[in-house]
Number of protein chains: 2
Amino acid sequence: MTVHQHGRYSTPVEDLPSRAVPEAAVGRLAIYLRVLTSMIEQGVTTMSSEELAGAAGVNSATLRKDLSYVGSYGTRGVGYDTAKLVEHIEQLLGLTRHHSVAVVGIGNLGHALANYGGFPDRGFPVTALFDVDEDLVGIPVGGLPVDHVNTIPEVCAEREVTIGVICTPASAAQIVCDLLVAGGVRCILNFAPVMLQVPSDVEVRRVDLAVELQILSFYQARRSPGPRAGAAPVDPVAVIR
Amino acid sequence: MTVHQHGRYSTPVEDLPSRAVPEAAVGRLAIYLRVLTSMIEQGVTTMSSEELAGAAGVNSATLRKDLSYVGSYGTRGVGYDTAKLVEHIEQLLGLTRHHSVAVVGIGNLGHALANYGGFPDRGFPVTALFDVDEDLVGIPVGGLPVDHVNTIPEVCAEREVTIGVICTPASAAQIVCDLLVAGGVRCILNFAPVMLQVPSDVEVRRVDLAVELQILSFYQARRSPGPRAGAAPVDPVAVIR
DNA sequence: TGATGTGAACTTTTTCACAGCT
DNA sequence: AGCTGTGAAAAAGTTCACATCA
């Protein structure tokens, strides 16, 4: 099976819902959402682009441009209404709908994910668990019984799974991926260290520990002279408790 | 500009500050490395840019440009010697040195990471585990006893930890981060859903489950009409075993 | 007055296309 | 004949700077 290459045709205006949101902006919007949620909990009702950008670690112009993809919901001279903004970002990210999640591969990581239960920031209920190991099948993990991977297509279709999370060893990832796709799953979060081949209408996000560590290694390598920072410039270390 | 390697390629390999490698290229190089390693295991000794790019899911021109940051180690009309290329990429990414890793927060995820033992693709030995929970302190997880977070600065300095992995709840992440920095750790992999504030000489990589799910949600939302793909276009499903 | 929203400038990244080796 | 390596073009993304409006 071949990868990507979505044939864009001469039709210049293929406007779906709103303006096309740049790839990079989508990720940042998710971050603004988190910052906003946390600020709202602290009773903050209004924030300027400067404040929000600072908390999210981006330039304020970038933030304003990102928000402009969502629409114009700020007030000049004042800032953004936190609650209103959250609402609109959630709308844009499609978080008003629930996304049923299946976790495949109940090893260390899969176990950890299954135990999150509702998954970070609710809205992503885990409704199916799969593993190859016959001994695991039927055993409840985080309150949900494990099914056999062979049943992925039926179970995913039946439970209307929209997001599949692959936590299997690399060797099984592609097959599992194919099974998820056969089950109608079009969004995949892949923790296995392989590049998955999928049809062009399937979106894959990769979370790759090895790659992250190697990137850190790169920056460490081309840091000043010493391999490690010298002796710790010890902080007035607060005691955690 | 760059030190062009005229004559033979046996120039002093010591010139660390080679051409500035673009951020984006570093991540891809880590992927090429993995693909190459896996191909070598299958006995492949030579690959063209087209083949390698295909396997890594990138454009072949992008791949060649990325490899040009590493140096010119291909053979025109032939391709790249897989073994040689691996060697040079590892060199560039600083993988010839070991990077001692500390995992902080031995919950579900921390547990999973600690149990990887040597961490993906070896070269990243886990040498310290930390948690706030006094009951966990001293208990070995994956063969290594857990230390208390208060001892992070000393232990990290002592064991020469270069990479800190934060798996704590969001509320503890910043404090833990400060402790790691105090311990001389300059590379941090953050799994907690917060934006960490660090000195400019500290490199932070974020792995954010919630953000990944929300990005998938976004693409799902602006997909065709139906919320899910229709009935499964069932594959000739291979039985996993 | 003060902060948004956005065209324009700038920077980075990707892709093209082809000269130059093997 | 074929594939790399790279300048140059194109695209994507970021930042500036300011008109605009509550």
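Chain letters run A, B, ... following the sequence lines, proteins first, then strands; residues in each count from 1. Note that the structure is predicted; figures quoted are calculated from it, not measured.
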Discussion item. Looking at B:S217 and A:L93, would you say the former's side chain and the latter's main chain have a donor-acceptor pair under 3.5 Å?
Written reply: yes
Practice prompt. Sequence neighbours left out, what passes side chain to side chain contact (heavy atoms under 4.5 Å, CB included) with B:E51? Give chain and number order.
Written response: B:M47, B:S48
Worksheet entry | From CA spacing to verdict: side chain to side chain contact (heavy atoms under 4.5 Å, CB included), B:S100, B:F124 | CA-CA 6 Å; B:S100 182; B:F124 295 93; over 6 Å; no
Atom [atom1] of [X] and atom [atom2] of [N]: how far apart are they, to the nearest Å?
X     : N     : atom1 : atom2 : answer
B:E50 : D:dA1 : CD    : P     : 19 Å
A:R64 : C:dA8 : CZ    : C1'   : 15 Å
A:L67 : C:dA3 : CG    : P     : 16 Å

Worksheet item: Between B:T75 and A:V78, which has a closest nucleotide on DNA chain D that is more 5'?
Response: B:T75
Discussion item. Check this for me: does any side-chain nitrogen of one of A:K84 and A:E90 sit under 4.0 Å from a carboxylate oxygen of the other?
Written reply: no
Worksheet item: Taking only side-chain nitrogens and oxygens of A:Y80, does any of them come within less than 4.0 Å of OP1 or OP2 of C:dG5?
Response: yes
Discussion item. I'd like to know whether B:E23 forms a salt bridge (Lys or Arg N to Asp or Glu O under 4.0 Å) with B:R205, so could you lay out the CA-CA distance, the side-chain angles of the two residues, the decisive distance to 0.1 Å, and finally the verdict.
Written reply: CA-CA 12 Å; B:E23 168 85 42; B:R205 304 278 313 172; 3.4 Å; yes
Worksheet item: Is there a side-chain contact between B:F191 and B:I166 (heavy atoms, below 4.5 Å)?
Response: no
Worksheet item: How does protein reach along nucleotides 9-15 of chain C, written 5' to 3' as B (base within reach of a heavy atom under 4.0 Å), S (only sugar-phosphate), or - (no contact)?
Response: ----SSB
Worksheet item: Nearest to the side chain of B:S48, which nucleotide is it out of C:dT4, D:dG5, D:dC3?
Response: D:dC3
Worksheet item: Any donor-acceptor pair under 3.5 Å between the side chain of A:R76 and the base of D:dT20?
Response: yes
